[in-house]
Amino acid sequence: MSGKAHKGAAQPLADHNGPILPLETVRTAYRDMLLLRRFEEKAGQLYGMGLIGGFCHLYIGQEAVIVGMSLAMKPGDKIVTSYRDHAHMLMMGMSPGGVMAELTGRKDGYSHGKGGSMHMFSREKNFYGGHGIVGAQVAIGAGLAFANKYRGTDEVGVAYFGEGAAQQGQVYESFNLAALHKLPCIYVIENNRYGMGTSVERSSAAAHDLSQIGAPWKIPGRKVDGMDLFAVHEAAQEAVAHCRAGKGPFLLEMETYRYRGHSMSDPARYRDRSEVEEMRRTRDPIEALHKLLSDKGTSDEEFKAIDVEVKQIVNDAADFAQNSPEPDLSELWTDILVEA
């Protein structure tokens, strides 16, 4: 965003009596959320053209979760997530071109074209991967938090997982270790209501309140409106402060919603189209910020400028990916651990 003065730029904004966000921060959050959506829409388009193979899980509808969480984080904090991971990479500062190149299996991708949608990493940006095995990343998140504590920093580890993964055994093993050692780990359940094609009500006996699944280990938990940037930011601030103070792990259940199927190969026939349309019409996180910023003086011209900037970034990323060469066959033998 440019440093151009905006009408009402000094006005602070807050919801839920939570932390105050400067108006310019809210504008940046709006731009980031729009970038995530346009990027995912472009990824869906490239998949439809046959340029992205394998699995591809889109984040459309859930943007407020990762953007609101990111507002409470600082350099050095580390995250790990599941296979619905493109937005998390971008919010950790990874290059849109590098991410898109990996999606299309090209040499300039973050895993040199070998990982695809679900397996990208950037140690430089403190992003420790999307992971295709359901729930596997949760224990890794505890490991990242352990490393932070061992090094004596106040950095946190954040493990994102879905409501479907919340039933996995390794999740509870991770809770036990994190609580026992007071690890600075934030567990974020991105509850988008449907684990693949099964509603959370049909798959979880704790569906009424997943924020309390850490209670046996005395891990504090909080249920959050994951479609509301301000609610997410407020809860993230609380969780981060708890962890940085050495009080151990914290659990956040983000109640959110994905507009697309579980993956690009899922026609999502297990829910009515009217349900999705109703969520888009009444609960869309980007539209909510658009209305708020408009009410606070952001002009149509300023919104258009943001949209033009975002579309250019996404189009450049797609062009970069399609112009990147495919990896050489020698890449088959790199990044492989071989026993002596």
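Only heavy atoms go into these numbers, but all of them, side chains included; no hydrogens, no water, no symmetry mates.
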* **Nearest-0.5 Å distance, CG of residue N192 to CE of residue M227** => 10.0 Å
* Asked: Same cluster or not: are F250 and W217 linked, directly or through other Ile, Leu, Val, Met, Phe, Trp or Tyr residues, by side-chain heavy atoms under 4.5 angstrom apart?
  -> no
* Any chance you could lay out the side chain to side chain contact (heavy atoms under 4.5 Å, CB included) test for I79 and N126, step after step, and finish with the verdict? => CA-CA 7 Å; I79 78 168; N126 288 312; over 6 Å; no
* Any L289 side-chain heavy atom under 4.5 Å of F230 side chain -> yes
* Please state whether the rings of F161 and F175 are parallel, tilted or perpendicular, taking 30° and 60° as the class boundaries. => tilted
* Interatomic spacing from CE in M120 to CG in D85 - rounded to 0.5 Å -> 5.5 Å
* pair P285-M33: side-chain heavy atoms closer than 4.5 Å -> yes
* Structure fact -> Separation between CE (M92) and CE (M94), nearest 0.5 Å, reads 9.5 Å
* Indicate whether any N or O donor in one side chain lies under 3.5 Å from an N or O acceptor in the other, for S117 and H86. => yes
* Asked: Any side-chain heavy atom of L103 within less than 4.5 Å of one from Y47?
  -> no
* How far apart are the C-alpha atoms of T298 and I306, what are their side-chain angles, what is the distance that settles it, and do they pass the side chain to side chain contact (heavy atoms under 4.5 Å, CB included) test? -> CA-CA 11 Å; T298 300; I306 294 172; 5.5 Å; no
* Output the distance between atom CG (L180) and atom NZ (K218), rounded to the nearest 0.5 Å. => 12.0 Å
* So, are D300 and K304 salt-bridged, with charged N and O less than 4.0 Å apart? -> no
* Asked: For the side chain of N148 and the backbone of E155, is there at least one donor-acceptor N/O pair under 3.5 Å apart?
  -> yes
* Going only through I, L, V, M, F, W and Y residues with side-chain contacts under 4.5 Å, is there a path from M118 to F127? -> no
* Taking atom CG of L337 as the centre, report whether more than 12 heavy atoms of other residues, nucleotides or ligands fall under 6.0 Å from it. => no
* Is there a side-chain contact between Q322 and L46 (heavy atoms, below 4.5 Å)? -> yes
* Among T153, V158, D154, the one residue meeting side-chain contact (heavy atoms from CB on, under 4.5 Å) with V156 -> V158
* Is K149 reaching over with its side chain to a backbone N or O of H181, donor-acceptor style, under 3.5 angstrom? -> yes
* I would like to know whether Y110 and H119 meet ring-ring contact (aromatic ring centres under 6.0 Å, His included); could you show each step before the answer? => CA-CA 9 Å; Y110 273 95; H119 302 104; over 10 Å; no
* Is it true that I186 and Y172 fall in one hydrophobic cluster, defined by side-chain heavy atoms closer than 4.5 Å? -> no
* Check step by step if side chain to side chain contact (heavy atoms under 4.5 Å, CB included) holds for E102 and M89. => CA-CA 12 Å; E102 187 59 41; M89 300 172 197; over 6 Å; no
* **Under 3.5 Å donor-acceptor, S204 side chain and E201 backbone** => no
* Asked: Just wondering, are more than 12 heavy atoms of other shown residues or ligands nearer than 6.0 Å to CZ in F146?
  -> no
* Asked: Would you say S324's side chain and D108's backbone share a donor-acceptor pair under 3.5 angstrom?
  -> yes
* Looking only at atom types and distance, does a side-chain atom of R260 sit under 3.5 Å from a main-chain N or O of L58, one as donor and one as acceptor? -> no
* Please say whether more than 12 non-hydrogen atoms of neighbouring residues, nucleotides or ligands are located less than 6.0 Å from NZ in K114. => yes
* Asked: Can you tell me if NZ on K74 sees more than 12 non-hydrogen neighbours from other groups inside 6.0 Å?
  -> yes
* D272 side-chain N/O to S274 backbone N/O, donor-acceptor pair under 3.5 Å -> no
* **NZ/NE/NH1/NH2 to OD/OE distance under 4.0 Å, E234 and R222** => yes
* Asked: What's in the same ILVMFWY side-chain cluster as Y128, cut-off under 4.5 Å, chained through other members?
  -> V80, I140, L144
* **Heavy-atom side-chain contact between Y30 and F303 under 4.5 Å** => yes
* Under 3.5 Å donor-acceptor, T282 side chain and E278 backbone -> yes
* Asked: Which word best sums up how the rings of Y257 and Y259 line up, parallel for under 30°, tilted for 30 to 60°, or perpendicular for over 60°?
  -> tilted
* Asked: How far apart are the closest heavy atoms of V200 and A207, and which atoms are they?
  -> O-CB, 3.5 Å
* Asked: Would you say the side-chain atoms of T334 and E331 include a donor-acceptor pair closer than 3.5 Å?
  -> yes
* Heavy-atom donor-acceptor pair, E255 side chain to K223 backbone, under 3.5 Å -> no
* To do: Would you sort out whether K291 and D295 count as a salt bridge (charged side-chain N to carboxylate O under 4.0 Å, His left out), showing the intermediate values?
  => CA-CA 6 Å; K291 182 179 186 305; D295 290 344; 3.1 Å; yes
* Do the side chains of E63 and E40 get nearer than 4.5 Å, heavy atoms only? -> no
* Asked: Hey, is the main chain of I66 close enough, under 3.5 Å, to the side chain of S70 for a donor-acceptor pair?
  -> yes
* Got R31 and I313 here, is their nearest side-chain heavy-atom distance under 4.5 Å? -> yes
* Could you tell me the separation between the CZ atom of R258 and the CG atom of N191, rounded to the nearest 0.5 Å? => 11.0 Å
* R37, R38, Q45 screened by side chain to side chain donor-acceptor pair (under 3.5 Å) with E41, the one that passes -> R38
* To do: Anything under 30° is parallel, anything over 60° is perpendicular, the rest tilted; go ahead and classify Y83 against H262.
  => perpendicular
* Asked: Do F121 and H131 come within less than 4.5 Å of each other through their side chains, counting heavy atoms only?
  -> yes
* Measure up the Y270 and Y194 rings against each other and bin them: parallel (under 30°), tilted (30 to 60°), perpendicular (over 60°). => tilted
* To do: Salt-bridge test for R27 and E24: reply yes if a basic N is under 4.0 Å from a carboxylate O, no otherwise.
  => yes
* **Worked check of side chain to side chain contact (heavy atoms under 4.5 Å, CB included) between R84 and Y160** => CA-CA 10 Å; R84 200 177 306 279; Y160 293 86; over 6 Å; no
* Asked: Does CZ belonging to F55 count more than 12 external heavy atoms closer than 6.0 Å?
  -> no
* E253 (side chain) donor-acceptor with L210 (main chain) under 3.5 angstrom -> yes
* From M254 CE over to E190 CD, what is the distance, rounded to the nearest 0.5 angstrom? -> 8.0 Å
